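See structure below.
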Amino acid sequence: ETLQMPITLFTSSDEIKDVSISIKADDKIELLKTQVKVTFDKAGERMVFIPMRALTLGKSKVEIIAQSQTQAGIVNAKQTIHIPVNAQTLAEKRFKKTKIEAGQSWSESADLFGIEGSQQVALELSLMPPMNLQNRLQYLIGFPHGCVEQTTSKALPQLFLPKLTNLTDAQLLESQNNIAAAIDKLARYQAGNGGFSYWPGQGNVHDWASSYAGHFLLLAKDQGYDVPKTMTNQWQVYQNHAARSWTASSNAATNKQQAYRLFTLALSGNSEIGAMNRFRQQENLDNLSRWLLAAAYQLAGQQEAAATLASGATLFMNRYTAKESSHDHSFGSTLRDEAMLLISLLVLNDNENAALLAERISNELVKDNRAYSTQTTAFSLLAMASYAQHGEQGKDQNAKLLLNWQGKDQALKLDKAINFLALELAKKDPAIEVKNNSELPVYAQLMSQGIPELGNELPVSNELDLEVKYFDGSQGNG
């Protein structure tokens with residue numbers, strides 16, 4: 001791309017006549033003209049244009065010096081400006097994934113593409129099924145709105161980041177600040193009865209969001225964050241009252257609200273056994289409600305009731321119809337319900353079925369072109385983070401690997417469930433080899449990022465197809 005950079009000269013002196021302008025630039029910009037002469041016949045201003053061409057992406061540095069010889073001597077002016085050189089296209093990420101069994105090796109080549117200077121390569125190594133953590137979390141944190149559900153969803157998965165993956169000091173501080181800010185913000189959503197409204201000061205309490213926000217506050221407190229006691233106390237008062245006053249309904253949405261409410265109360269150590277027993281008698285309980293109620297009984301120490309409920313439930317969640325979604329009021333989706341099922345299985349210590357659900361959720365999260373709601377994304381990340389910390393997946397297994405990249409060997413030890421490694425591109429050699437020297441399988445994901453040249457973008461669709469047809473207008477549309 002080429003452009004014309006305007007330079008305006010001002011003088012208040014009639015003595016300045018001939019001005020020489022010299023321009024210098026760094027390697028990101030090519031100047032098509034480096035010297036310009038301007039003549040003044042009197043005090044005033046003149047404008048000249050310097051043609052230039054962008055070479056590489058980044059922030060370029062341009063230095064401009066103007067000089068003029070007068071009777072009093074040489075006068076000059078100098079200015080340095082920075083011009084960002086951006087691409088017309090957006091960055092793309094391309095992934096290659098595998099599962100490296102114990103004692104096995106994986107050889108692959110990174111997909112190096114895009115404008116010079118835009119290429120990046122990173123390797124993710126994990127002891128659990130991958131969850132596309134960076135992209136999914138980036139989507140949540142960058143979400144522009146701030147209702148009670150979205151505020152909670154942004155912060156909820158960040159509670160487990162320090163134990164889940166390797167963070168820099170700056171990333172850790174940012175995450176802690178995000179969580180603390182969410183706790184402060186949620187206080188403005190709490191109504192006088194202890195429940196949470198959808199927007200600050202709205203007054204009406206949103207039942208599902210009240211359980212969701214309370215769930216986050218309980219987990220934040222458990223992770224050592226400063227959660228005002230008045231917030232959780234008032235929330236428990238509301239939840240207890242709502243649980244006791246609930247009336248039987250054939251509406252699955254109402255049942256799910258009660259099931260989640262009873263689960264969060266049990267999680268807080270304030271189980272409503274009477275309400276749980278009454279809810280258990282409800283006919284045709286939906287599958288998610290059964291699992292949440294079973295987990296609530298498990299947390300309340302009533303393992304027999306928990307096992308009975310779990311035995312009558314399945315591991316498959318129904319798909320939401322358009323009508324169900326519009327009347328659900330729980331921000332639900334099939335994947336969200338599967339994530340809540342995984343959380344319930346972990347409470348019930350059903351490790352075998354939990355592993356099956358984790359694989360299923362992982363298969364959905366790694367689809368980079370598949371968008372999910374903030375609720376679905378947050379619950380999925382929470383469930384997978386909980387799975388990572390439950391049992392063997394959350395422990396340091398001292399997994400050891402040997403990485404060969406750019407012709408150099410590097411010994412690696414995985415001390416987190418998910419480990420990110422930025423790979424330096426010192427030369428155009430895309431070959432990579434990872435050898436798993438541990439007794440555990442390791443999931444590997446090679447990420448290549450670049451900004452493609454205009455016209456070289458990959459076609460992308462997300463539950464929407466676009467068909468383009470061209471017609472000759474002079475021939476009609478027939």
Side-chain angles (χ1 to χ4, degrees), residues 97 99 101-102 126-133 136 156-157 160 163-164 211 215 219 252 255-256 259-260 262-264 266-267 271 276 279-280 282 284-320 330 332-367 372 375-395 397 417-418 439-443:
K97 315 176 187 72
K99 181 179 180 180
E101 299 291 347
S126 64
L127 303 174
M128 58 177 290
M131 63 173 92
N132 202 2
L133 179 62
R136 297 297 179 186
L156 182 59
F160 298 94
K163 295 180 180 178
L164 184 64
S211 295
H215 191 178
L219 295 176
N255 289 340
K256 280 190 289 187
Y260 189 27
L262 293 171
F263 171 80
T264 56
L267 190 66
S271 301
M276 290 163 60
F279 184 58
R280 183 182 175 185
Q282 175 79 355
N284 300 321
L285 270 184
D286 62 280
N287 209 32
L288 178 60
S289 294
R290 286 184 179 275
W291 282 112
L292 288 173
L293 185 57
Y297 273 114
Q298 182 78 13
L299 290 169
Q302 299 198 15
Q303 287 85 0
E304 185 177 344
T308 301
L309 273 165
S311 65
T314 72
L315 295 177
F316 294 94
M317 296 294 171
N318 294 330
R319 291 195 172 275
Y320 281 64
S330 77
S333 69
T334 303
L335 183 59
R336 194 286 308 271
D337 290 357
E338 288 178 340
M340 297 188 79
L341 167 54
L342 176 54
I343 292 172
S344 301
L345 290 171
L346 296 175
V347 171
L348 294 165
N349 293 311
D350 188 346
N351 296 331
E352 183 177 349
N353 284 324
L356 295 175
L357 256 294
E359 287 280 0
R360 193 185 301 170
I361 294 170
S362 167
N363 290 336
E364 294 299 319
L365 290 177
V366 295
K367 296 176 181 177
Y372 290 107
Q375 171 93 174
T376 295
T377 303
F379 254 117
S380 298
L381 294 181
L382 172 63
M384 293 298 286
S386 300
Y387 175 72
Q389 295 183 59
H390 184 83
E392 294 184 347
Q393 279 73 25
K395 297 178 182 177
Q397 296 291 331
I418 301 176
E439 298 179 356
L440 298 168
V442 173
Y443 295 86

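For clarity, every value in this text was computed on a predicted model and none was experimentally measured.
For the atom pair Thr377 OG1 and Leu365 CG, the distance stands at 7.5 Å (nearest 0.5 Å). Here the CD atom belonging to Gln298 is positioned 11.0 Å from the CZ atom belonging to Phe263, to the nearest 0.5 angstrom. Distance check: Arg336 CZ to Leu382 CG gives 12.0 Å after rounding to the nearest 0.5 Å. A distance of 4.5 Å separates CG in Leu288 from CG in Leu292, rounded to the nearest 0.5 Å. The CG atom of Leu345 sits 11.0 Å away from atom CD of Glu338, with the distance rounded to the nearest 0.5 Å. For the atom pair Ser344 OG and Leu299 CG, the distance stands at 9.0 Å (nearest 0.5 Å).
The shortest non-hydrogen separation linking Ala313 to Arg290 is CB-CB, 4.1 Å. Residues Lys99 and Pro441 share a closest heavy-atom pair of CE-CB, 3.7 Å. Heavy atoms only, all atoms of each residue included: Ala295 and Val347 are closest at O-CG1, 3.7 Å. Between Ala358 and Leu342, the closest heavy-atom pair is CA-CD2, 4.2 Å. Here the closest non-hydrogen pair linking Ala383 and Leu346 is O-CD1, 4.2 Å. Of all heavy-atom pairs spanning Ala294 and Leu348, the tightest one is O-CD2, 3.8 Å.
Side chains of Pro157 and Arg136 form no contact here, defined as non-hydrogen atoms less than 4.5 Å apart. For the pair Leu285 and Arg280, the minimum side-chain heavy-atom distance is 4.5 Å or more. Contact check for Tyr387 versus Leu357: no side-chain heavy atoms found under the 4.5 Å cut-off. In this structure, the side chains of Tyr443 and Met131 stay at 4.5 Å or more apart for every pair of heavy atoms. Side-chain contact check for Asn255 versus Phe279: some heavy-atom pair is nearer than 4.5 Å. Proximity of His390 to Asn351: side-chain heavy atoms (C-beta onward) are separated by under 4.5 Å at one or more points. For the pair Asn287 and Asn318, the minimum side-chain heavy-atom distance is 4.5 Å or more. Between Tyr297 and Leu262, every side-chain heavy-atom pair lies at or beyond the 4.5 Å cut-off.
The aromatic rings of His215 and Phe379 sit tilted, their planes meeting at an angle between 30° and 60°.
Within a 6.0 Å radius of CD in Glu439, other residues, nucleotides and ligands contribute 12 heavy atoms or fewer.
In this structure, the side chain of Trp291 does not engage the main chain of Leu309 through any donor-acceptor pair within 3.5 Å.
Annotation: cation-pi geometry satisfied between Arg360 and Phe316 (NZ/CZ under 6.0 angstrom from ring centroid, within 45° of ring axis).
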